[in-house]
Number of protein chains: 2
Amino acid sequence: MVNYEAELDAIFMALGHPARRAMVVRLSKGEATVGELAQPLEMSLPAVTKHLKVLERAKLISRSKNAQWRPCRLEQAPLKSASDWIEDQRKVWESRLDRLDSYLHTLHTNSKKGAKK
Amino acid sequence: MVNYEAELDAIFMALGHPARRAMVVRLSKGEATVGELAQPLEMSLPAVTKHLKVLERAKLISRSKNAQWRPCRLEQAPLKSASDWIEDQRKVWESRLDRLDSYLHTLHTNSKKGAKK
DNA sequence: TTCGTAATTAACCATACGGTTAAATTAAAG
DNA sequence: CTTTAATTTAACCGTATGGTTAATTACGAA
């Protein structure tokens, strides 16, 4: 059984910055070069390069070569992993009977304090 | 029209740490106190308190009071926002015709190399 | 009031992030 | 071979993260 924790760390962390999410949004529509990704962002090109490295580390993007361009493309798997993880938690959360849970927790806490009610 | 960017920053960033995801997993099954959340984690209680603040900042959890305990409960909305954002991108990505897109991009790049802009 | 437990705050430290400017790299085009 | 364009690397800087230990707060129980 594989441990996905480190991958999820990198994926969620990468998505936790607006510039990087903007790049993902752009790339979901198709390949783009560094310059194209940088154009709408208010930051220097080296800053963009750093963000791309973070996305690459999370395997959210892959890169190719075309002359002096290094086009980026979105990879589907990491987004799916992240989405799956969240949905797993939501399923557990949703299937839980909140009122009953709260009631049982209260009972449990009270019994520890000395069984009253 | 509201700008969700800052909220998503906080949510994804919060999910980008294994200890905090472990807390979310635990809380998806029901309320827990700080001590209960800390128990399986190999870190000090103050460290746990800090992680809880990050989760609170992202509104992923809310807290109540019960004597000297401060039980935490998972909130559904942020997880849904994050999941929705990812699924939006995946939908765009999936509906795209990858081969055609690459082809058009190549054409575009080549035309730029010939006729400057 | 005093004691014990749960949790937080304070102070501190090392490292990671996120940005900058300047220099270097890489490859097409004259 | 020189120039120009796209991108990366290097060096630097301020702030945020993530952790620690020690002290403090908050509350119930004795």
Side-chain angles (χ1 to χ4, degrees), chain A residues 5-6 9-23 31-39 41-58 61-73 105-106 108-117, chain B residues 5-6 9-23 27 31-39 41-58 60-73 105-106 108-117:
Chain A
E5 286 302 301
D9 288 354
I11 297 164
F12 281 121
M13 180 275 184
L15 296 176
H17 191 287
R20 290 191 294 257
R21 279 202 310 285
M23 293 177 184
E31 275 193 26
T33 65
V34 178
E36 288 166 345
L37 290 170
Q39 192 258 317
L41 302 174
E42 302 191 340
M43 64 178 66
S44 66
L45 230 43
V48 171
T49 294
K50 286 190 184 181
H51 285 301
L52 289 174
K53 280 188 192 304
V54 174
L55 291 169
E56 265 192 297
R57 186 170 67 196
I61 64 169
S62 61
R63 325 215 28 197
S64 46
K65 258 190 177 176
N66 180 1
Q68 63 267 80
W69 291 272
R70 308 288 167 79
C72 307
R73 68 164 32 227
H105 186 83
T106 305
H108 181 240
T109 304
N110 286 344
S111 72
K112 272 191 180 163
K113 286 194 285 188
K116 57 155 225 173
K117 165 44 192 245
Chain B
E5 286 301 302
D9 289 354
I11 297 163
F12 282 120
M13 180 275 186
L15 295 177
H17 191 288
R20 290 190 295 258
R21 279 202 310 286
M23 292 177 186
L27 290 172
E31 274 192 28
T33 65
V34 178
E36 287 167 344
L37 290 171
Q39 193 257 316
L41 303 174
E42 300 190 340
M43 63 178 66
S44 65
L45 228 44
V48 171
T49 294
K50 286 189 185 181
H51 285 301
L52 288 174
K53 279 187 192 304
V54 174
L55 290 170
E56 264 191 299
R57 188 170 65 198
L60 279 159
I61 63 167
S62 62
R63 322 208 39 190
S64 46
K65 257 190 176 176
N66 180 0
Q68 65 266 75
W69 291 272
R70 308 291 167 78
C72 307
R73 69 166 28 229
H105 184 83
T106 305
H108 181 241
T109 304
N110 287 344
S111 73
K112 267 192 179 167
K113 285 195 276 185
K116 302 250 313 218
K117 215 186 125 221

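Chain A is the first sequence line, chain B the second, and so forth, proteins listed ahead of strands; every chain is numbered from 1.
Within the 4.5 Å cutoff, side-chain heavy atoms of Ile11(A) are placed close to those of Leu15(A). Using a 4.5 Å heavy-atom threshold, the side chains of Leu60(B) and Leu27(B) count as separate. Looking at Arg20(B) and Met13(B), their side chains come closer than 4.5 Å, going by heavy atoms from C-beta outward.
Residues Ala58(B) and Ala10(B) share a closest heavy-atom pair of CB-O, 3.5 Å. When all heavy atoms of Val48(A) and Met23(A) are compared, the closest pair comes out as CG1-CE, 3.7 Å. Smallest separation of non-hydrogen atoms from Arg63(A) and Cys72(A): NE-SG, 3.6 Å.
For the pair Asn66(B) CG and dT5(C) P, the computed distance is 18 Å after rounding to whole Å. Separating the CG atom of Leu41(A) from the P atom of dG19(C) is a distance of 9 Å, rounded to the nearest angstrom. In this structure, CZ of Arg57(B) is placed 12 Å from C1' of dG18(D), rounded to the nearest angstrom. For the pair His51(B) NE2 and dA16(D) P, the computed distance is 17 Å after rounding to whole Å. In this entry the distance linking CG of Asp9(A) with C1' of dC17(C) reads 15 Å, nearest Å. In this structure, Arg20(A) places its CZ atom 15 Å from P of dA16(C), rounding to the nearest Å.
Distances shorter than 4.0 Å separate some side-chain N or O of Ser44(B) from OP1 or OP2 on dT20(D). Remark: His17(A) is not in phosphate contact with dA16(D), judged by side-chain N or O atoms under 4.0 Å from OP1 or OP2.
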When you check every protein heavy atom under 4.0 Å of nucleotides 6-15 of chain D, what one-letter string (B, S, -) results, 5' to 3'?
SBBB-B----

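Position along DNA chain C of the nearest nucleotide to Glu42(A) versus Lys65(A) favours Glu42(A) as the more 5'-ward residue.
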